[in-house]
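This structure is in structure tokens; I'll ask about it shortly.
Not measured: the values here are computed from a predicted model. First the proteins, then the strands, lettered A, B, ... as listed; each starts at 1.
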Protein chains: 2
Amino acid sequence: MSENPSYKTRKVITIGVVSELTGLSERQIRYYEERKLVFPERSAKGNRKYSFADVELLIDIANKREEGVQTYEIRQDMLRAERKKEKKMRRELLRGEINARFGIQKER
Amino acid sequence: MSENPSYKTRKVITIGVVSELTGLSERQIRYYEERKLVFPERSAKGNRKYSFADVELLIDIANKREEGVQTYEIRQDMLRAERKKEKKMRRELLRGEINARFGIQKER
DNA sequence: CGTGTAAGGAATTCTGACACG
DNA sequence: CGTGTAAGGAATTCTGACACG
């Protein structure tokens, strides 16, 4: 049951459907790609394919744009968030390694 | 986090992508619809849209077809399984109602 | 029965560009 | 900067039908 969590990240949705789902025009969606905010995959013959995660991201972008935030700012925020998350993951990885060597044996 | 379990059942995938995902020809996919094995939605202008659940179902169908099972048999099996599940849900619903009236107060 | 294919048309998507503000 | 639009072409999808086995 529930085998695949990749339903959210698998890129299978064409731009027309994404447009319906987000309310954005295809022009806008392609422009946000140009501005490096979304990264669809391409089918064999070059058609863009998006994931549900991309759709949600685009909705967030649309909200920020409505507040007047420029695509450049949105991109900067995304990059900052990404670096923060990486830092966190490194800390957790390190903690895990330390535990693997010393932490596991509770006391003896 | 993880707000939407509908990633699996939301019908957003076009037939070409389903064909890639399943290895079935578009002809086969349309035929299985004709035989009432899958039920895609339609976009405004009539294009079929499938869910991840549909994709998995189609893969199951493809496996059965390879074993020589006819579409009619597959359909009968699906209907039987569905009735069974409904029966189960009715039982559980009933049990829940009974508990709501009598079961909750443990003892007094 | 299950699937391939050619047919003709309609809708989709793509890119690069001009426009406006 | 962000978005609309017309342009031309290529790929997608649709339906109904004929073919084969």
Return the residues of residues 57-74 of chain B meeting this criterion: a heavy atom under 4.0 Å from some atom of DNA chain C. Order them by number, or give none. B/Arg65, B/Gln70, B/Thr71
Integer-rounded Å distance: D/dC14 P and B/Glu41 CD: 14 Å
Convert the base pairs of DNA chain C into dot-bracket notation, remembering that pairs crossing earlier ones are written with [ ] and that bases paired across to another strand are shown as |; include only Watson-Crick or G-U pairs under 3.5 Å. |||||.||.|.|.||.|||||
How far apart are the closest heavy atoms of B/Ile59 and B/Leu21, and which atoms are they? CD1-O, 4.3 Å
Suppose the criterion is salt bridge (Lys or Arg N to Asp or Glu O under 4.0 Å): which pairs have a residue in residues 16-44 of chain B, not counting sequence neighbours? A/Lys49-B/Glu20, B/Glu26-B/Arg30, B/Glu33-B/Arg42, B/Glu33-B/Arg48
Strictly by salt bridge (Lys or Arg N to Asp or Glu O under 4.0 Å), give each pair with a member in residues 90-100 of chain B just once, sequence neighbours left out. none
Of all heavy-atom pairs linking B/Ala62 and B/Leu24, the shortest is CB-CD2, 3.9 Å
Within this structure, what is the NZ-to-C1' distance between A/Lys45 and C/dT12, rounded to whole angstrom? 14 Å
A side-chain contact here means heavy atoms from C-beta on lying under 4.5 Å apart; do A/Phe39 and A/Asp54 qualify? no
Between CD1 on residue B/Ile98 and CG on residue B/Leu94, distance to nearest 0.5 Å: 4.5 Å
Contact list please: residues 14-36 of chain B against DNA chain C, heavy atoms, distance less than 4.0 Å, in numerical order. B/Ser25, B/Arg27, B/Gln28, B/Tyr31, B/Tyr32, B/Arg35
Does some side-chain heavy atom of B/Thr14 sit less than 4.5 Å from a side-chain heavy atom of B/Asn47? no
Straight-line distance of A/Ile61 CD1 to A/Arg65 CZ, nearest 0.5 Å: 10.5 Å
Between B/Val18 and B/Ile13 the two heavy atoms that sit nearest each other are CG2-CG2, 3.8 Å
List in chain and number order the residues that pass ring pair (Phe, Tyr, Trp, His ring centres under 6.0 Å) with B/Tyr50, two or more places apart in sequence or in another chain; answer none if no residue qualifies. none
